[in-house]
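Data first, discussion second: the structure below is written as structure tokens.
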Protein chains: 2
Amino acid sequence: MKDEKKRGRPRAFDAKAALGKARDVFWDRGFAATSLDNLSAATNLNRPSLYGAFGDKEDLYLDTLEGYRQDGMDVLTEALDPSLPLRDNIARVYAGALAIYLHGETAARGCLLIGTASVEAVQHERVREVLGRSLNDFDDEIEKRMRLGVERGELPQSADPQMLARLASAVMHSLAVRARAGDSRETLEAIARSGVELICGSAGHA
Amino acid sequence: MKDEKKRGRPRAFDAKAALGKARDVFWDRGFAATSLDNLSAATNLNRPSLYGAFGDKEDLYLDTLEGYRQDGMDVLTEALDPSLPLRDNIARVYAGALAIYLHGETAARGCLLIGTASVEAVQHERVREVLGRSLNDFDDEIEKRMRLGVERGELPQSADPQMLARLASAVMHSLAVRARAGDSRETLEAIARSGVELICGSAGHA
DNA sequence: CATATTTTGTACCGTTTCGCATTAAATTCT
DNA sequence: AGAATTTAATGCGAAACGGTACAAAATATG
């Protein structure tokens with residue numbers, strides 16, 4: 001299903017790469033402040049090509065969000081490798097997040113979803129849907145690990161896996177916001193460490 | 001310094017009220033997606049009047065952010081009334097935040113700063129400055145209460161007030177994001193309760 | 001009452017915006 | 001080779017954008 005030769009003129013660009021370039025622009029400027037000219041310049045595609053390949057600006061934006069969400073889930077599940085101790089898992093989740101959040105040029109970009117989709121979420125229902133679903137998927141993935149932690153005795157039997165997961169996510173949400181607000185890497189790493197400590201608690205010593 | 005009769009034609013509007021209306025528009029749409037026409041319609045002021053009273057769009061936006069920050073600090077200090085137990089303080093902080101965050105019409109608006117200033121923070125240095133300063137002020141105010149909590153024995157001597165404060169803030173940041181993402185009031189209140197539990201910990205029983 | 005000063009309202013300017021119409025180019029199918 | 005089909009590139013066009021010039025209105029001062 002990959003080389004089914006299509007009929008007309010073949011594309012002269014890699015749609016995946018173009019989507020990545022578009023993502024960077026949205027990441028820096030947000031959806032509303034990004035113009036098609038910005039996207040056109042960054043992708044080296046004319047507006048009609050952009051339009052033909054991805055639809056209008058909102059379609060393209062939603063595509064980048066979905067891709068980001070998918071990539072994020074991949075990083076997350078890798079960080080949550082169940083052969084490692086829970087404490088290491090959560091630390092790796094935060095480290096992975098910070099590696100992404102602190103990648104800015106002028107200023108750190110934080111999280112694409114939290115940093116740029118949140119604004120549009122109120123007015124654009126589709127954006128709100130993607131954002132909500134992404135946050136939930138993250139919570140759910142962490143919750144699975146927490147549940148395992150209870151079974152294994154890494155967490156006390158009384159622990160509430162769902163709530164612990166949501167609070168673990170909360171620390172990450174805060175890292176995303178603070179990164180975009182200009183906090184230093186040192187500060188963010190300190191918060192991440194304290195977060196691990198608080199979430200995994202003294203129970204982690206076992 | 002209030003009734004110094006100014007020379008020319010007097011203003012036919014209340015600048016404070018207009019600023020409040022403008023804030024609502026920015027809150028729903030964000031800075032970039034808000035047009036001067038939107039602001040003009042909401043405030044019942046013509047664009048020249050807006051410009052004359054508040055400067056350009058960015059100036060006006062920064063004004064609304066500063067006002068919001070100030071109001072938020074007032075709510076915060078009131079919630080942190082030191083005559084109450086620490087646990088109640090933090091619960092009140094979250095309750096106060098949720099009362100603000102869930103006030104939307106179509107969808108919940110979350111926090112003006114986290115929800116709309118975060119996007120602009122990367123490109124607009126002045127916005128990033130206000131956002132960063134606001135988050136820090138919040139952290140500092142909570143930290144003072146945490147420090148008092150250690151002195152009083154509400155928290156263990158080993159507790160790190162600064163980090164506890166930052167994590168308490170983190171839960172609030174998450175509430176802000178999740179509100180805008182469409183989470184239900186019940187979910188948010190559950191997260192707030194769990195947050196109080198985790199932050200104030202078993203130490204709160206004392 | 002005349003003058004100075006500030007606000008108000010209309011109208012406008014130049015730019016930028018998104019999206020598309022149209023034509024040229026590249027490839028497959030017959 | 002020629003028809004059909006898809007993409008590429010130029011450029012257009014109507015609307016919205018932020019901001020302001022300008023004249024009328026409203027007040028204080030002399």
Side-chain angles (χ1 to χ4, degrees), chain A residues 1-19 21-23 25-26 28-65 116 119-120 123-124 126-127, chain B residues 1-19 21-23 25-26 28-65 116-117 119-120 123-127:
Chain A
M1 85 193 272
K2 210 173 187 179
D3 275 0
E4 293 174 5
K5 292 178 186 176
K6 278 176 298 185
R7 286 257 311 200
R9 178 174 177 172
R11 278 198 179 145
F13 64 92
D14 177 7
K16 199 98 176 177
L19 213 58
K21 295 287 187 184
R23 178 196 285 190
V25 179
F26 282 130
D28 274 353
R29 312 174 78 101
F31 170 75
T34 296
S35 71
L36 288 186
D37 282 339
N38 294 147
L39 295 166
S40 180
T43 58
N44 285 317
L45 295 180
N46 347 21
R47 268 155 302 169
S49 294
L50 269 176
Y51 200 83
F54 306 105
D56 68 10
K57 197 174 87 162
E58 182 168 334
D59 292 331
L60 174 54
Y61 179 60
L62 288 168
D63 267 11
T64 69
L65 290 186
T116 78
V119 216
E120 315 297 336
Q123 302 270 326
H124 294 88
R126 296 162 71 196
V127 175
Chain B
M1 92 192 269
K2 210 173 187 180
D3 273 1
E4 292 173 6
K5 292 178 184 175
K6 277 175 299 184
R7 286 257 309 201
R9 178 174 178 171
R11 277 195 180 148
F13 64 93
D14 176 9
K16 199 100 177 176
L19 212 60
K21 295 288 187 184
R23 177 197 285 189
V25 180
F26 282 130
D28 274 352
R29 313 174 79 100
F31 170 75
T34 295
S35 70
L36 288 186
D37 282 339
N38 295 147
L39 296 166
S40 181
T43 57
N44 285 315
L45 294 180
N46 326 336
R47 270 158 300 167
S49 294
L50 269 176
Y51 199 83
F54 306 105
D56 68 10
K57 197 175 89 161
E58 183 169 334
D59 292 332
L60 174 54
Y61 179 60
L62 289 168
D63 266 11
T64 69
L65 290 186
T116 77
V119 216
E120 315 298 336
Q123 301 269 327
H124 294 88
E125 193 172 342
R126 295 162 71 195
V127 175

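Below, all heavy atoms of this structure are taken into account, side chains as well, without hydrogens, waters or symmetry copies. In what follows, chains are A, B, ... by sequence order, proteins preceding strands, each numbered from 1.
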Practice task
Measure the shortest side-chain to side-chain distance between Leu60(B) and Leu19(B) over non-hydrogen atoms and say whether it is less than 4.5 angstrom.
Solution key: yes

Practice task
Evaluate the side-chain proximity of Leu36(B) to Tyr51(B): yes if any heavy-atom separation is below 4.5 Å, no if none is.
Solution key: no

Tell me the interatomic distance from [X], atom [atom1], to [N], atom [atom2], rounded to whole angstroms.
X	N	atom1	atom2	answer
Asn46(A)	dT23(C)	CG	P	17 Å
Leu45(B)	dT7(C)	CG	P	12 Å
Asp14(B)	dT7(C)	CG	P	15 Å
Arg11(A)	dA8(D)	CZ	P	7 Å

Exercise for the section: Select from Gly8(B) and Asn44(A) the residue whose nearest nucleotide in DNA chain D is closer to the 5' end of that strand. Expected result: Asn44(A)

Handout entry: Letter per nucleotide, 5' to 3', of nucleotides 11-22 of chain D [B base touched, S only sugar-phosphate touched, - untouched; heavy atoms, 4.0 Å]
Key = ------SSBBB-

Exercise for the section: Measure distances between side-chain N and O atoms of Arg7(A) and base N and O atoms of dT5(D), and say whether any donor-acceptor pair falls under 3.5 Å. Expected result: no

Exercise for the section: Answer yes or no: side-chain N or O of Arg9(A) and base N or O of dA25(C) forming a donor-acceptor pair under 3.5 Å. Expected result: yes

Problem - Any Ser49(A) side-chain N or O less than 4.0 Å from OP1/OP2 of dT7(D) - result: no

Problem - Sugar-phosphate only, base, or nothing, as touched by Ala53(B) at under 4.0 Å among non-hydrogen atoms - result: nothing

Exercise for the section: Indicate whether any N or O donor in one side chain lies under 3.5 Å from an N or O acceptor in the other, for Asp37(A) and Ser40(A). Expected result: no

Handout entry: Polar side chain donor-acceptor pair, Thr116(A) to Tyr61(A), under 3.5 angstrom
Key = yes

Handout entry: Electrostatic pair Arg23(B):Asp63(B) at N-O distance under 4.0 angstrom
Key = no

Exercise for the section: Please say whether more than 12 non-hydrogen atoms of neighbouring residues, nucleotides or ligands are located less than 6.0 Å from CD in Glu125(B). Expected result: no

